[in-house]
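Only one structure is covered here, and it is reproduced in the block below.
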Amino acid sequence: MMQTVRGVHDILPDEVAIWQFLEAKALTIFGLYGFTEIRSPLFEKTELFARAVGATTDIVEKEMYTFADRGGDSLSLRPEGTASVVRSFVQQSLHRQLPWKVWYRGPMFRYERPQKGRQRQFHQIGCELFGPVGPLADAELMAMVMHYLGDVGLQAALVLEINSLGCLACRTPYRALLIAALRQAAAHLCEDCNHRMERNPLRVLDCKRETCRATVTAAPIMLDHLCLGCRDHFYQLKGHLETLGVPYVVNPRMVRGLDYYNRTAFEVTSVGLGAQNAVAAGGRYDGLVEQMGGTSTPAIGFAMGMERLVLLLDRQKILARGMDVYLATLGASAENAGLVLAETLRRGGISVELNLGGGSLKSQMKRADRAQARFTVMLGDTEIEKRSVIIKDMAEGVQQEVARSEIMDYLLTRL
RNA sequence: GCGAACGUAGCUCAGUCGGUAGAGUCCCGGAUUGUGAUUCCGGUUGUCGCGGGUUCGAGCCCCGUCGUUCGCCCCA
């Protein structure tokens, strides 16, 4: 049997209703803050991701779907959304119309081992804000995320965590300090951490093992070694969040997997998602635009994992709406008349599921029930002769004969 | 890339000690020759993931493989 490849799934109509709900909310809520949608390509030159995400990250080293096109260029399916948006920003010289606020949605691709909340094709909704350098932008963006998550009905289960990763000036000396401390404690750290120490030492602070956690409590943390500018930025950010009444928790051990982040990092996590507990994550990337060859422009953004949001949502609350009318027909002449009647009603804005498969009235009533129809309109030889139909209110269980000329009015006043 | 569990009807699952496969649900029909969701009656649905091995005999035991799930890693 043909089937989807590993880690890739159909999203069937029942579930699509939830996706459409989430996407419609994004359009509305992000619109309130002045963000408009951008649609960037699903694949780019491999080099773009290598430079933006970081050539030594796991994502670039071993998780990208990379292929050569017929001209010999190395291309990759996008593993995340920010790189393309930044490329677009630079390519179109958009630094001349700051601030530039965009959001995107769509599939991302990473060759990973699937597990709960993690697929090889997964979907993100993300926002990027170019221009503002101050913490006001950070606070507003976080407020927007929480506004969105609250509006889709999730806020209660979620925690906003924030941290500062410093900038080039203060992170470099801190990093050296941390590595020195970790080397001293290397014997007490797990194998993974000893490996991480060299590649991404900050991540050692975030190890899940108890022994490692205990060992690193004494290690220096970034927040204690921020330069004056970074410290002030973080301090003001916290103040803005408090002014807005957005609850947050400072997590000094939170790290970022992608190289481009500096200063503000934040994450929205949830219990109930298993090991992959981040619903949304983002941060500031002031140096990326310049690094990608554009005019130096500070920026901040975030992305949300759609599959993870869907896992958390109560599906009962987002049911696909049923049809207004199921049109049951009995006999060949009724089928003809039904075809015309259905079309007429639809032109009047009434949704109609027309019986297309013959069958007894009983079986057609079943189909009407399954289609969650508000009304069933019945049309048989008797009604054809009398130029009428019978309309049954499915919830009430009562029915009434209605003249053909009055069907539209009858339904419109009751829907 | 590493570890573990699980693959039986469209779906959720049972299947004892190795003896030729079952329930619920869904779907279809009838009870009601033109009335749903409830009730009652009847019916259809199987490469037991796939391939090999052991055995007189394998859904069950063994090996491999593919898939799913949950962790590790990493990350949304």
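Proteins come first, then strands; the chains are lettered A, B, ... in the order of their sequence lines, and each starts at number 1.
Counting heavy-atom neighbours within 6.0 Å of A:Phe43 CZ, excluding the residue itself, gives a total of 12 or less.
The distance between atom CG of A:Asp206 and atom C1' of B:rC74, rounded to the nearest whole Å, is 11 Å. Between the CD atom of A:Glu385 and the P atom of B:rG34 there is a distance of 15 Å, given to the nearest Å. If you measure from atom NZ of A:Lys116 to atom P of B:rC72, you get 13 Å, rounded to the nearest angstrom. Rounded to an integer number of Å, the gap from A:Trp103 CH2 to B:rA76 C1' is 16 Å. Here B:rU35 presents its C1' atom at 15 Å from CG of A:Leu379, a figure rounded to the nearest Å. Between A:Glu61 atom CD and B:rC73 atom P the separation is 17 Å, expressed in whole Å. The distance from atom CE of A:Met64 to atom P of B:rC75 is 14 Å, rounded to the nearest whole Å. Rounded to whole Å, the distance from NZ on A:Lys62 to P on B:rC2 is 11 Å.
If you check every strand for non-hydrogen atoms under 4.0 Å, A:Arg256 touches nothing. Nucleic acid contact for A:Met306: none, since no nucleic acid atom lies under 4.0 Å from a heavy atom of the residue. Nucleic acid contact for A:Lys392: base, since at least one base atom lies under 4.0 Å from a heavy atom of the residue. Nucleic acid contact for A:Arg367: none, since no nucleic acid atom lies under 4.0 Å from a heavy atom of the residue. The residue A:Ala368 sits apart from the nucleic acid: no heavy atom pair falls under 4.0 Å. Using a 4.0 Å heavy-atom cutoff across all strands shown, A:Gly126 reaches no nucleic acid atom at all. As judged by a 4.0 angstrom heavy-atom cut-off over every strand, A:Gln364 is placed among residues making no nucleic acid contact.
Listed candidates were B:rA37, B:rA31, B:rC73. Nearest to the side chain of A:Lys366 is B:rA37. The side chain of A:Ile390 sits closest to B:rU35 out of B:rU35, B:rC28, B:rC73. Candidate nucleotides B:rG36, B:rG34, B:rG71 were compared by shortest atom distance to the side chain of A:Glu383, and B:rG34 ranks first. Side chain of A:Glu307, nearest nucleotide from B:rG34, B:rA76, B:rG29: B:rA76. Distance from the side chain of A:Leu361 is smallest for B:rU35 among the nucleotides B:rU35, B:rC70, B:rC75. The side chain of A:Thr382 approaches B:rG34 more closely than any other nucleotide in the set B:rG34, B:rA76, B:rG36. Distances were taken from every side-chain heavy atom of A:Gln124 (C-beta onward) to each of B:rU35, B:rG71, B:rA76; the shortest belongs to B:rA76. The listed nucleotides are B:rA76, B:rU35, B:rG3; the one nearest the side chain of A:Arg113 is B:rG3. Of the listed nucleotides (B:rG36, B:rU68, B:rA76), B:rG36 has the atom at the smallest distance from the side chain of A:Met394. Here the nucleotide nearest the side chain of A:Arg6, chosen from B:rA76, B:rU35, B:rG67, is B:rG67.
Defined by atom type and a distance below 3.5 Å, a donor-acceptor pair is missing between the side-chain atoms of A:Ser76 and A:Glu44. In this model, a donor atom of one side chain and an acceptor atom of the other lie less than 3.5 Å apart for A:Arg367 and A:Asn355.
The side chain of A:Lys362 contributes an N or O atom lying less than 4.0 Å from OP1 or OP2 of B:rG36. OP1 or OP2 of B:rC28 sits under 4.0 Å from a side-chain N or O of A:Arg370. Checking the phosphate oxygens (OP1, OP2) of B:rG71, a side-chain nitrogen or oxygen of A:Gln115 falls inside 4.0 Å.
Note: A:Phe30 and A:Trp103 have perpendicular aromatic rings, judged against thresholds of 30 and 60 degrees for the angle between ring planes. Ring orientation note: the planes of A:Tyr174 and A:His225 are tilted relative to one another, at an angle of 30° to 60°.
Taking the P atom of each, B:rG43 and B:rA4 are spaced 47 Å apart, rounded to whole Å. When the C1' atom is used for both B:rC73 and B:rG15, the distance is 38 Å, rounded to whole Å. Only the P atoms considered, B:rU65 is 26 Å distant from B:rG18, to the nearest whole Å. Of the P atoms belonging to B:rA37 and B:rU25, the separation is 14 Å, rounded to the nearest Å. Using C1' as the reference atom, B:rA9 and B:rU54 are 29 Å apart when rounded to the nearest Å.
A donor N or O paired with an acceptor N or O is found under 3.5 Å between the base of B:rC74 and the side-chain atoms of A:Arg118.
Base pairing annotation: B:rG36 forms no Watson-Crick or G-U wobble pair, as no partner gives both donor-acceptor distances under 3.5 Å. Pair assignment for B:rU44: none, as no Watson-Crick or G-U wobble contacts are both less than 3.5 Å. Judged by Watson-Crick or G-U wobble contacts below 3.5 Å, the nucleotide B:rG67 has B:rC6 as its partner. Pairing partner, B:rC56: B:rG19, with both Watson-Crick or wobble hydrogen-bond distances short of 3.5 Å. Base pairing of B:rC72: its partner is B:rG1, meeting the Watson-Crick or G-U wobble criterion (both donor-acceptor distances under 3.5 Å).
Checking each of A:Val102, A:Ile29, A:Leu27, A:Leu141 against A:Phe35 for a side chain to side chain contact (heavy atoms under 4.5 Å, CB included) leaves exactly one that passes, namely A:Leu141. Checking each of A:Leu288, A:Asp286, A:Thr57 against A:Tyr260 for a side chain to side chain contact (heavy atoms under 4.5 Å, CB included) leaves exactly one that passes, namely A:Leu288.
For A:Arg263 and A:Tyr261, the positive end is not near the middle of the six-membered ring at less than 6.0 Å and at most 45° from its axis.
Of the two residues near RNA chain B, A:Gly7 and A:Gly305, the one whose nearest nucleotide lies more 5' is A:Gly7. Of the two residues near RNA chain B, A:Gly397 and A:Gln119, the one whose nearest nucleotide lies more 5' is A:Gly397.
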From CA spacing to verdict: salt bridge (charged side-chain N to carboxylate O under 4.0 Å, His left out), A:Arg346, A:Glu343: CA-CA 5 Å; A:Arg346 289 168 186 147; A:Glu343 195 59 16; 3.5 Å; yes
